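Just so it is clear, the structure is predicted and the values come from calculations on it, not from any experiment.
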Amino acid sequence: MGLSLIAARRVQQFRRNRRAWCALWIFLAFFLFSLAAELIANDKPLVVSYNGSFYFPVTKSYPETAFGGEFETEADYRDPVVAKLINDKGWMLWPPIRYSYQTINYNLAVPAPSRPTTENWLGTDDQGRDVLARLIYGFRISILFGLTLTIFGSIIGVAVGAIAGYTGGTFDLLSQRFMEIWSGMPMLYLLIIMSSVITPGFFPLLGLMLLFSWMTLVDVVRAEFLKARNLDYIRAARALGLSTPAIIFKHALPNAMVATISMMPFVVTGSVTTLTSLDFLGFGMPPGSPSLGELLSQGKNNLQAPWLGITAFLSLAVMLSLFTFIGEGVRDAFDPRKIFKE
């Protein structure tokens, strides 16, 4: 089933924006690359061949005794003794980066943080952990967090805006007064206070930020529904006896989604920025988690190691710029003055 005429014109208009089109493909490449982080940066080999049998340490834990060792605990494949036991009767296939985000390099020639080398391509942080590995894992967490928060926040915001705009009356009045009060609260300070009370984590932090992020799209959707509810096709649908949910979802909502989709890339940018700010202040993800904000904080605390600050700045600048370029392309693609311009 092909695209409709309007949808095809929107896709064509988006592709005409070379900056947005290239930014989309670059972002998808980075995102897919980060999704395979365990296969790219890991302190465990991808495949181990020992005594004619194959093992996959990335997906399953094996005790040291499985490779002729003495301990029942999980094998440390970076241990020279374990590595010799395996290499004497087989081989190991390592990922390109032999460090995970929490792996500490105990064989540094200089005190941590160490400068970039052939072993640690972007150097190490002040705890001896590989910066590139933490950057890959941190990029994935930031993107997944931003996308998840945007999706759930948009669902709530669109629902509230649609009901308030279509029904009007008391619900619209109460929702607007509530939003005025709720949006007047210092969001960052409240998140810091609640993060210090609740155990930090991906989902608890997501729930806390969802308390505020849903308001971003309410005004846009409400304005579209206030305009649409008095149009002739809505009145005709109401006169034909269609139920209120059917009118909202089948007739009014598709028009309101144009403005909503145009704003989503910018909402993702705001979500990622908020998470980075909380991590930078130490109220975000749990300690030790890979985080761009934590890397930025390390750059501030270790001015003698400029590679930390430069890596964090460039990664954030590139990521947020890509989102901005994509958002501009989506906004232009949904602009009727441009998609119908010959």
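Closest approach of S271 to G146, counting heavy atoms only: CB-CA, 3.9 Å. Pairing each heavy atom of M209 with each of L278, the nearest pair is SD-CD1, 4.3 Å.
Evaluation of the ring-ring contact (aromatic ring centres under 6.0 Å, His included) test over residues 35-89, restricted to residues two or more places apart or in two chains, returns Y50-F67, Y55-Y62, Y55-F67, F67-Y77. For residues 135-145, every residue pair satisfying the side chain to side chain donor-acceptor pair (under 3.5 Å) rule, not counting sequence neighbours, is listed here: E38-R140. Within the structure, every pair that satisfies the ring-ring contact (aromatic ring centres under 6.0 Å, His included) test and touches residues 210-244, not counting sequence neighbours, is listed here: W182-F212. Sorted by first and then second residue, the ring-ring contact (aromatic ring centres under 6.0 Å, His included) pairs with a member in residues 111-134 form an empty list; sequence neighbours excluded. For residues 104-116, every residue pair satisfying the side chain to side chain donor-acceptor pair (under 3.5 Å) rule, not counting sequence neighbours, is listed here: Y99-N105, N105-N120, S114-T124.
Here the CG atom belonging to L206 is positioned 10.0 Å from the CG atom belonging to L211, to the nearest 0.5 angstrom.
Taking the salt bridge (Lys or Arg N to Asp or Glu O under 4.0 Å) definition, one finds that E119 meets it with nothing, sequence neighbours left out. Under the side chain to side chain donor-acceptor pair (under 3.5 Å) criterion, D279 pairs with S291, not counting sequence neighbours. Partners of Q12 by side chain to side chain donor-acceptor pair (under 3.5 Å), not counting sequence neighbours: none found. Residues meeting the side chain to side chain donor-acceptor pair (under 3.5 Å) test with R235, sequence neighbours left out: none. Residues meeting the salt bridge (Lys or Arg N to Asp or Glu O under 4.0 Å) test with K89, sequence neighbours left out: none. Every residue was checked against the ring-ring contact (aromatic ring centres under 6.0 Å, His included) condition with F152, not counting sequence neighbours, and none meets it.
Put simply, the side chain of F202 does not reach to within 4.5 Å of the side chain of S289, judged on heavy atoms.
Using the six-membered ring where Trp is involved, F31 and F27 have ring planes that are parallel, under 30° apart on the 30 and 60° scheme.
Between K84 and D88 a salt bridge is recorded (basic side-chain N to carboxylate O distance below 4.0 Å). The residues K44 and E74 are annotated as salt-bridged, a charged nitrogen and a carboxylate oxygen being separated by less than 4.0 angstrom. E328 and R18 are not joined by a salt bridge, as no carboxylate oxygen comes within less than 4.0 angstrom of a charged side-chain nitrogen.
Taking the six-membered ring where the residue is Trp, the centroids of F266 and F323 are separated by 6.0 Å or more.
Applying the under-4.5 Å side-chain rule to Ile, Leu, Val, Met, Phe, Trp and Tyr, the cluster around F171 extends to I163.
For R15, the CZ atom counts as loosely surrounded, since its 6.0 Å shell holds 12 or fewer non-hydrogen atoms of other residues, nucleotides or ligands. Other residues, nucleotides and ligands place no more than 12 heavy atoms under 6.0 Å from the CZ atom of F249.
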> Would M285 and L205 satisfy side chain to side chain contact (heavy atoms under 4.5 Å, CB included), going step by step from the backbone distance to the final call?
Replying inline: CA-CA 8 Å; M285 300 297 293; L205 194 60; 4.3 Å; yes

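For the pair T103 (side chain) and S100 (backbone), a donor-acceptor distance under 3.5 Å is present. Between the side chain of Q298 and the backbone N or O of D126, at least one donor-acceptor pair lies under 3.5 Å.
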